[in-house]
Amino acid sequence: MNKIYRITIRPIGTVRNSIRKPRRDGWEKISSRIILDPKLQEGLDGIEAYSHIFVLFWIDRLNPSMKGIKKVHPKSRMDLPLVGVFATRTQYRPNPIGLTLVRMLGRKKNIIWVKGLDALDGTPVIDLKPISPRTEFPSRARVPAWYHRIWESRRDASKKK
């Protein structure tokens, strides 16, 4: 049996954007500000040299009825297989930690501007990490077949617009 740990996570900042309600798609177009605790401002020095960073955040507004869910249809699409939550990027996880790779747009003091963060306005940010392309982007990544179906349907939908 696993040892039980008590873990305390203190937010380092807050997301600010115009998104107040959950949405399924379109996050890549959303610009957000991440306002860090001013005491941590020095920790941002040099981050603006990166094109992209990972943002870790606490998904604080989940539907309580979804807590403890173990399997989902990706993107709630019934045409995709029922798979374990750890095989998806779903927000419904035992620990609701979000992780998103975002584009860095700029920084001023304790505020950074990013694009593509899939977090609601007011979401607590728990960490920031710059990309390391040599170690984090394998040249031969493998994904399940249903993953390609998600992106094909998005491509088809954008062609119709």
Side-chain contact, heavy-atom cut-off 4.5 Å: Leu36 with Leu44?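 Leu36 reaches Leu44 side chain to side chain.
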With side chains defined as the heavy atoms from C-beta onward, is the minimum distance between Pro124 and Asp60 less than 4.5 Å?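 Pro124 vs Asp60: side chains touch.
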Mind checking the [atom1]-[atom2] spacing from [X] to [Y]? Nearest 0.5 Å is all I need.
X      : Y      : atom1 : atom2 : result
Leu40  : Asn110 : CG    : CG    : 9.0 Å
His52  : Glu136 : NE2   : CD    : 12.5 Å
Trp113 : Arg103 : CH2   : CZ    : 15.0 Å
Leu105 : Arg33  : CG    : CZ    : 12.5 Å
Phe54  : Leu99  : CZ    : CG    : 6.0 Å
Leu128 : Ile34  : CG    : CD1   : 5.5 Å

Would [X] and [Y] show up in the same hydrophobic cluster when neighbours are defined by side-chain heavy atoms closer than 4.5 Å?
X     : Y      : value
Val83 : Ile150 : yes
Val15 : Leu120 : no
Ile30 : Ile53  : no
Val55 : Ile19  : no
Phe57 : Ile35  : no

Identify the two heavy atoms, one from [X] and one from [Y], that lie closest to each other, and give their separation to 0.1 Å.
X     : Y      : result
Lys75 : Asp25  : NZ-OD1, 4.4 Å
Pro81 : Trp146 : CG-CD1, 3.3 Å
Ser32 : Leu117 : OG-CB, 4.2 Å
Pro11 : Ile126 : CA-CG2, 4.5 Å
Pro96 : Leu62  : CB-CD1, 3.6 Å

I'd like to know if the side chain of [X] and the backbone of [Y] have a donor-acceptor N/O pair within less than 3.5 Å.
X      : Y      : result
His73  : Leu80  : yes
Lys70  : Gly68  : yes
Thr100 : Val102 : no
Asp121 : Asn17  : yes
Arg107 : Lys109 : yes
Asn95  : Ile97  : no
Arg149 : Asp79  : yes
Arg16  : Thr123 : no

List the steps and the verdict of side chain to side chain contact (heavy atoms under 4.5 Å, CB included) for Val143 and His148. CA-CA 8 Å; Val143 296; His148 296 293; 3.3 Å; yes
Is atom CZ of Arg20 surrounded by more than 12 heavy atoms (other residues, nucleotides or ligands) closer than 6.0 Å?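 Yes - once you tally the heavy atoms of other residues, nucleotides and ligands closer than 6.0 Å, there are more than 12.
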Ion pair check, Asp118 and Arg23, cut-off under 4.0 Å: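 No, no charged N to carboxylate O under 4.0 Å.
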Any Lys/Arg nitrogen of Lys129 or Asp127 sitting under 4.0 Å from an Asp/Glu carboxylate oxygen of the other?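 Looking at Asp127 together with Lys129, the answer is yes, because their closest N to O distance falls below 4.0 Å.
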